[in-house]
2 protein chains.
Amino acid sequence: MIELIKKKRKGEALNPQEIQYIIDGFITGKIPDYQISAFLMAICFQGMNDQETVTLTDAMMRSGDLIDLSEIKGIKVDKHSTGGVGDKTTIVLAPLVAAAGVPVAKMSGRGLGHTGGTIDKLESIPGFSVDMSRDEFISKIKKNNVAVCGQNAKLVPADKKLYALRDVTGTVDNVSLISSSIMSKKLACGADAIVIDIKVGEGAYMKTEEDATQLAKILMSIGAKMNRKVRAIITAMHQPLGMAIGNALEVKEAIETLKGNGPDDLTELTLKLGSHMLVLGNICSDYHEGRKILQDLIDSGKALEKFKEFVIEQGGNIDYINNTDLLPQSQYSFEYKSQKEGYIHRLDALDMGLASVKLGAGRETKTSPIDFGAGILLKKKIGDSVSQGETLAILYSNDKNHFEKAISFLDNAYDIQNEPPQLQPLIIKTMM
Amino acid sequence: MIELIKKKRKGEALNPQEIQYIIDGFITGKIPDYQISAFLMAICFQGMNDQETVTLTDAMMRSGDLIDLSEIKGIKVDKHSTGGVGDKTTIVLAPLVAAAGVPVAKMSGRGLGHTGGTIDKLESIPGFSVDMSRDEFISKIKKNNVAVCGQNAKLVPADKKLYALRDVTGTVDNVSLISSSIMSKKLACGADAIVIDIKVGEGAYMKTEEDATQLAKILMSIGAKMNRKVRAIITAMHQPLGMAIGNALEVKEAIETLKGNGPDDLTELTLKLGSHMLVLGNICSDYHEGRKILQDLIDSGKALEKFKEFVIEQGGNIDYINNTDLLPQSQYSFEYKSQKEGYIHRLDALDMGLASVKLGAGRETKTSPIDFGAGILLKKKIGDSVSQGETLAILYSNDKNHFEKAISFLDNAYDIQNEPPQLQPLIIKTMM
C-alpha cells in the first residue's frame, strides 16, 4: 500500500489490480484508514484518469450486494440529483414517468445536513413505509411500475466507508471520488440508464458550471465504459427549488405539481428530467415527444392517480393525499418580513436549508428526530419585487425557540437591491 | 481538524495556534491518525513556509522531555547526519572534538533498514553500554567531555509517532517534515549549535544537490529563528563511506582513522565536520585553525587516548581497542570478485547497505538480532581499476546461507567500464 500511495503521490496512474487491492483491503480492514486517507488526499492533488475512475467505480459497486432487476420488463431508468434545497423532484417524477411506462425502482436516502431526503419527505404521509423485502420491492414495481425503498445496508459498503472517511479528512470534493460514489450506487441498484441532475451553486458540491461540466463528462464516460446510457442536466441551485422547504410542505407542493399547479421552476425541472428519462426508457424517440406525453399525463390526472396507487401500495393513508391540509403541520409559524423595498437579488439555498434544519425539518445528527410539519414556505423568489414589511417567507416549527436561530440564517440569505437583477436560467446545460 | 486539513489542501499557511492544536491532538490521540495522514499528504503537495516549519519544530520539541545541559560548561555542539552507508563519523568525531575541548553530549540511535546505527556499532565492543541515567550522562561528560547514550523514549514523542505514520503513508520525503524532525530532536537534546551532514545520492533521502540545498536552508532558518547556530555540509553518498560496512568492521576502521590511518574519504569528512564543530564551539576562530588542531590531536595520539577513556567510562573492554583483531569476527567469509577488467563507475551505497543487512549486520525489523562481525570490507572504490577475477569486496557472515542474497545485491551495485570515470567530490558544499 505504501508503494501505491507513493505512486499516486507522484501522479502515476494505478492499474485495475492495484485499485481492486486497495478497495478489498479497505473493506476487510487489512489496509488501515490512515493509509487510505493519505491515498485519498494524493488523489485530490493528482486526480485519477477515466480508466482509474471506471475501475474504482466497478470495484466499489462489487463491494456488496448487487440488485438484479432483470425480472422487471423494460428499461429501468434511474434519476440522481447531486443534492439541493427544496428538491422534491423524485416525488413528482417517480409516479409521472411510471405512468408513462418507465419502470421506476427507486432506492432513496434520508436527509442529513442542509439537504432533505426523499424518504423523510414521503414518511410525512401517515402510514407510508419504505420497509420491504427485495421480493416485495420487485412485485410492487411489477404491479404499479413504481416503488421507493430505503438503501440496503449491504449495498456498496465501500462507498459508505469511503464517504465517512472522506467527510472527516477534507477529501470530499474531488470529481473522480464524487463520480465513482454516485455511479457505483446507481449501478449496484440495477439501473440500465441514468439521468443525473448536477446542481451548481454555492450550496451545492459543484460551485461552478465548469466543475459541473467536468463531473458530467466523467459520469458519462463511466456510463459509456460500463455500457449504461447516462444523460446529465446541469441546473442552478442558487436558490431553493420551488416554494416549499420541509417534509410535509414539500409533499404538498409535489402533489400540486402532479396536478399541474406547481411552481414554474419545479414543474420545468420535472418535465426536463422526466422527458430525458422517457427517451432513455425507449418510451419515445425524442425529448419533445416525451415532454408532451408527461404534460398529457398531468393534464389528464393520470399522474396523480399513479401517485395515489403508489402511496396506497406502500401503506400511506390516501385521505392525506385527497386533502393535503390534513398532512402534519407545525404548531407555530412566523412571518419573515422584508426590511426594505426592492428586488431580490440573492436567496441563498444553503442558508435556507440550514434554517430549515434549525426549525426541526432536518437532522443535525443521524439520530435526530424530524418535525414533519416544520420548514419554510417562500413567498418571493429571486427577481421578485417586495415592499417594506411584505412577507418574504413563512417559517413553521413545533418549537417557538427555534425561530431565532432560523431567522439569523434568513437574515444572511437575502440580498435586496433597488434595481431588478439579471435572471439566471434554471436549466444551464443538457449533456448527452 | 477537518477545516485545518482543507486549509492546507488549499495551500494556505497555518498559524502557530493551529499547528500547536494539531500536535497536541495527535499526541493525546484526540485527532485520529487518518486525519493526520491526510494532513501530512496535503503538506507534501502544498508545503509549509518557514514560519510554519519553525512552529512545527517547536511544538514537536516541546511534546516531551527537554534535556538541560546547562550544568556542562562550554558550547554544546551536536552533529547530525541524514544517514548513509558505512558512516562511522560519529565514532571518530565524538572523541576527536572532545579532545579538542568541545563537550560532546551525544544521543544516538540504533540501525534500521539499510543504514547502521552508532549504538549498534559501539556495542560490538564487549562490555560497552549506553544505558545510563541522565545524571550519569552529565557526570561522564563533565569528567571526559564525551558520552554517548541511547535516545530517551520521553524525548520528542511527537516525532516518533509522526515518523511512524509518515513511514507507512508515503509522506516521508517532504523538506519541512524532514527538517522539523531533525531539528526538534537536536534541540530537545540540548544542543547549542549543530553541524549537519546532508547526504546526497540514490541511497539517501536527498536525491539531488538542489533538494539538499533547500533542506540546508530550511534547517539553518529554523536554527536562526530558534537562536541556534547551524552549519550544513552537503556530502556525496553515491558509494559507502570508507571501506568497512558492518558494526565491528566499522569500529575497527574508526579506530584506524583516530590513529591517522583511516581511508581518505572518512578522514576528510571527519576533519571537515569536526573543524566546523570546533569553530561553533568557540575553540578556534576559523575552519583552517580547527583542522590543524584536529590533525595534531590525531598525530599526537591524544584523539585515540580520548576514545579509550570514553570506552572505559562506558564499560567497554579496552583490550579490544588495543588489539582490534579481538573484536567480533564472523565465522565465514566470501571474496566477491570482478567478472571483468576496467574501472569502477558505480558502487551503489543503497545496494551495499542492503547486502550488509542480509549478511546479518543490520536489522530487517526492530527486534532482529545483530551479527556484530558481519558486513562488507571493500577492496576497491569508485575510480579504482580492477582486473578480471580481482577481489572487489570481502563479505562476512555467521551464516553461509546469507551470502547468496547479499551477492545478488552486489551484482546490482557495481558498474565497471573500460574508461576511468569522472570523479565526483565528496564534499559538495558548505553552508553557514
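In the text below, chain A, chain B and the rest are named by the order of the sequence lines, each starting its count at 1.
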Exercise for the section: Can you tell me which residue pairs pass the ring-ring contact (aromatic ring centres under 6.0 Å, His included) test with a partner in residues 42-61 of chain B, sequence neighbours excluded? Expected result: Phe45(A)-Phe45(B)

Practice task
Kindly write out the residues that satisfy salt bridge (charged side-chain N to carboxylate O under 4.0 Å, His left out) with Lys160(B), not counting sequence neighbours, or none if the list is empty.
Solution key: none

Handout entry: Contact origin within Leu165(A) toward chain B - heavy atom pairs under 4.5 Å
Key = side chain

Exercise for the section: Flag yes if more than 12 heavy atoms outside Lys161(A) fall under 6.0 Å of its NZ atom; otherwise flag no. Expected result: yes

Practice task
Please look at Asp167(B) and chain A and tell me whether the side chain, the backbone, both or neither of the residue comes under 4.5 angstrom of a heavy atom of that chain.
Solution key: backbone

Completion exercise
Residue pairs passing the side chain to side chain donor-acceptor pair (under 3.5 Å) test with at least one member in residues 26-44 of chain B, sequence neighbours excluded, are Ser37(A)-Ser37(B)

Completion exercise
Filtered by a 4.5 Å non-hydrogen cutoff, the part of residues 6-27 of chain A contacting chain B is Lys6(A), Arg9(A)

Problem - Lys154(A) atom NZ, over 12 foreign heavy atoms within 6.0 Å - result: no

Exercise for the section: Let me know which of Leu40(B), Ile5(B), Thr169(B) forms a side-chain contact (heavy atoms from CB on, under 4.5 Å) with Met41(A). Expected result: Ile5(B)

Handout entry: Lys207(A) NZ: over 12 foreign heavy atoms closer than 6.0 Å
Key = yes

